[in-house]
Amino acid sequence: MKKSLFALAALGVFASAAQAESSVTLFGLIDTGLNYVSNVQTADGSGKSKAAFAGASMQGSSWGLRGAQNLNNGLTAVFVLESGFDANTGEQLQNKKIFGRQAFVGLTGNFGTVTIGRQYDSIADFVSPLTAAGLASPWTKAGLVGGGGAHAAHPGDIDNFNNSRRMDKSIKYTSHSYEGLSFGGTYVLDGVPGHLSGNQIWSVGTGYVNGPVAVGAAYLNAKTPANSFFYDEDQAGRLAGNPIYGAYANAKNLQIMSAGGTFDFGVLTTGLNYSRTQFKDSNINLGPGQDGQDVHLSASPLFQNAEANLTYKFAPDLVGLVAYNYTWTNKINSNKTKYQQVTVSLTHYLSRSVSLYGLAAYQKANGKYASGQSAVAAINGVDPSAKNSQTFLSAGMRMMF
């Protein structure tokens with residue numbers, strides 16, 4: 001009898017939902033082109049040039065579904081399912097997840113929006129769109145804009161300005177815009193037996209847009225980042241081999257502070273942003289000591305990034321970008337590193353949804369890692385260099401739908 005009542009109640013709910021106003025939208029983009037990379041590390045340790053067709057030079061290819069259904073009392077149910085893929089091979093990205101970019105459901109109303117699932121953090125929401133890596137987004141408020149894509153991100157995307165990492169098992173709140181001011185936060189609860197807050201991640205952020213001015217700031221805190229924040233990279237086997245932060249990712253805690261802003265003069269837009277990323281209480285392996293045993297050092301490596309970017313509209317359908325980024329670390333085991341990168345791009349829009357682009361990036365590394373090895377260049381999104389410099393060139397096409 002109880003089962004029958006529950007079944008009838010469920011049927012009633014679905015019948016009401018069917019009568020409510022609802023919509024589902026298919027969206028996505030395909031980005032592919034011909035890339036050239038210099039000084040790629042090979043098995044013998046030498047640096048060789050590499051050329052190949054590859055995707056995601058300006059943006060990652062993806063497709064998805066976005067839906068909404070109006071409910072009673074001013075509520076709307078919403079969902080997003082978004083899958084990332086390589087346009088040249090058809091392979092799923094984000095560690096082979098079906099919906100590796102986003103997968104969430106929630107409610108929106110007068111209180112704002114609350115969603116649960118795999119989502120972006122507050123850095124991606126409030127700061128990334130103000131950076132060279134985030135300006136390429138076709139859904140930014142700036143409309144037809146140029147950008148540097150993933151390869152303009154800071155080394156290793158150390159601050160997640162390129163949104164390389166999503167938040168699994170997260171609950172997120174996003175406010176409405178109050179005369180240009182908005183705010184929000186994301187919380188990940190992935191407890192382990194005996195430790196409710198194990199693998200916990202939380203982030204908060206705020207943004208303000210008024211006329212030509214846009215500013216944003218965000219903070220992220222991740223416990224056991226190798227198991228939480230870098231989860232996808234660890235599963236894919238890329239974490240330990242990352243020359244930027246691989247030796248530090250076993251830290252007990254990761255903290256990222258970030259802020260940025262842009263000013264639109266019309267045909268010219270300028271931007272500045274800064275981030276501070278610290279791996280708290282890392283156990284760093286310095287390699288074999290005199291007795292042949294590995295020597296370990298406990299430290300809290302700190303990365304700071306400062307970026308300046310400029311976009312210029314040569315014509316309504318032709319946009320150029322120049323960006324410069326400087327990254328530096330604190331001294332660990334009497335060693336420190338710094339990276340300098342210049343990125344330029346030119347985007348020609350054939351329509352609002354189709355564009356051709358050319359992109360170039362050059363990075364130079366100086367200093368030594370904590371282990372004493374000389375730092376190598378590692379432009380984000382490509383194989384690390386065997387030397388302290390690296391050049392990346394790309395010519396491609398992007399189509400949005």
Side-chain angles (χ1 to χ4, degrees), residues 27 29 31 33 57-59 120 122-154 159 161-163 174-183 205-218 258-275 305-326 340-362 394-401:
F27 68 94
L29 65 90
D31 183 326
S57 288
M58 187 65 74
Q59 280 186 269
Y120 299 159
S122 297
I123 294 174
D125 290 340
F126 295 102
V127 182
S128 176
L130 308 174
T131 70
L135 285 171
S137 172
W139 296 288
T140 59
K141 297 179 180 179
L144 303 185
V145 297
H151 307 298
H154 305 155
D159 44 26
F161 279 10
N162 189 51
N163 197 21
T174 305
S175 76
H176 293 299
S177 176
Y178 299 98
E179 299 185 355
L181 178 67
S182 58
F183 51 90
T206 185
Y208 178 72
V209 179
N210 187 356
V213 176
V215 294
S258 61
T262 61
F263 191 94
D264 187 355
F265 293 94
V267 297
L268 175 69
T269 301
T270 60
L272 295 171
N273 57 76
Y274 168 83
S275 71
N305 296 274
E307 177 195 306
N309 58 68
L310 182 151
T311 58
Y312 185 81
K313 291 186 178 181
F314 297 96
D317 58 356
L318 186 64
V319 186
L321 168 124
V322 177
Y324 169 77
N325 178 67
Y326 179 64
Q340 297 184 77
Q341 180 170 324
V342 176
T343 307
V344 296
S345 72
L346 189 65
T347 304
H348 174 50
Y349 282 86
L350 304 178
S351 70
R352 289 194 64 87
S353 60
V354 180
S355 59
L356 304 175
Y357 62 82
L359 188 150
Y362 174 79
S394 179
M397 176 178 178
R398 178 181 62 180
M399 182 174 183
M400 299 168 279
F401 60 88

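Please read these numbers as outputs of a predicted model, since none were measured by experiment.
- Residues meeting the salt bridge (Lys or Arg N to Asp or Glu O under 4.0 Å) test with D31, sequence neighbours left out: none.
- Partners of A217 according to the side chain to side chain contact (heavy atoms under 4.5 Å, CB included) rule, which considers only residues two or more places apart in sequence or in another chain, are A259.
- Using a 4.5 Å heavy-atom threshold, the side chains of H348 and F314 count as separate.
- Closest heavy-atom contact between A323 and N309: CB-CB, 3.9 Å.
- The minimum heavy-atom distance linking M58 with Y357 is given by the pair N-OH, 3.6 Å.
- Take S258 and apply the side chain to side chain donor-acceptor pair (under 3.5 Å) test, not counting sequence neighbours, and it matches no residue.
- There is no side-chain donor-acceptor pair under 3.5 Å between T131 and N273.
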Query raised in the report: Should T269 and T262 be marked as a side chain to side chain contact (heavy atoms under 4.5 Å, CB included) after you check the CA-CA gap, both sets of side-chain angles, and the distance that decides it?
Result: CA-CA 7 Å; T269 301; T262 61; 4.1 Å; yes
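- Partners of N325 by side chain to side chain donor-acceptor pair (under 3.5 Å), not counting sequence neighbours, listed by chain and number: H154, T327.
- When the shell of 6.0 Å around CE of M397 is examined, it contains more than 12 heavy atoms from other residues, nucleotides or ligands.
- Between F161 and V127 there is a side-chain heavy-atom pair separated by less than 4.5 Å.
- A heavy-atom distance below 4.5 Å is not found between the side chains of E307 and L272.
- Qualifying side chain to side chain contact (heavy atoms under 4.5 Å, CB included) partners for L310, counting only residues two or more places apart in sequence or in other chains: L268, T270, Y312.
- L135 and P129 make their closest contact through CD2-O, 3.5 Å (heavy atoms, listed as atom of the first residue, atom of the second, distance).
- Considering only heavy atoms from C-beta on, S353 stays 4.5 Å or farther from F401 through its side chain.
- Summarising the geometry of S175 relative to S182, their closest heavy-atom pair is OG-CA, 3.5 Å, with the distance given to 0.1 Å.
- Taking the six-membered ring where the residue is Trp, F263 and F265 present tilted rings, their angle falling between 30° and 60°.
- Counting only heavy atoms from C-beta outward, the side chains of Y120 and N163 approach each other to under 4.5 Å.
- Residues L346 and L318 meet the side-chain proximity criterion, which asks for heavy atoms closer than 4.5 Å.
- Remark: S394 engages N35, S57 in a side chain to side chain donor-acceptor pair (under 3.5 Å) (not counting sequence neighbours).
- Looking at T343 and Q341, their side chains do bring a donor and an acceptor atom within 3.5 Å of each other.
- When side chains are defined from C-beta on, L29 counts as touching Q59, because their heavy atoms get closer than 4.5 Å.
- Of the residues D317, L350, T347, the one that meets the side chain to side chain contact (heavy atoms under 4.5 Å, CB included) test with S355 is T347.
- Rounded to the nearest 0.5 angstrom, F126 CZ and F183 CZ are separated by 8.5 Å.
- Taking 4.5 Å as the limit, every side-chain heavy atom of L359 sits out of range of all side-chain heavy atoms of V344.
- Listed here is the closest heavy atom pair of Y326 and Q340: CD1-CG, 3.5 Å.
- L130 and A214 get closest at one heavy-atom pair: CD2-CB, 3.9 Å.
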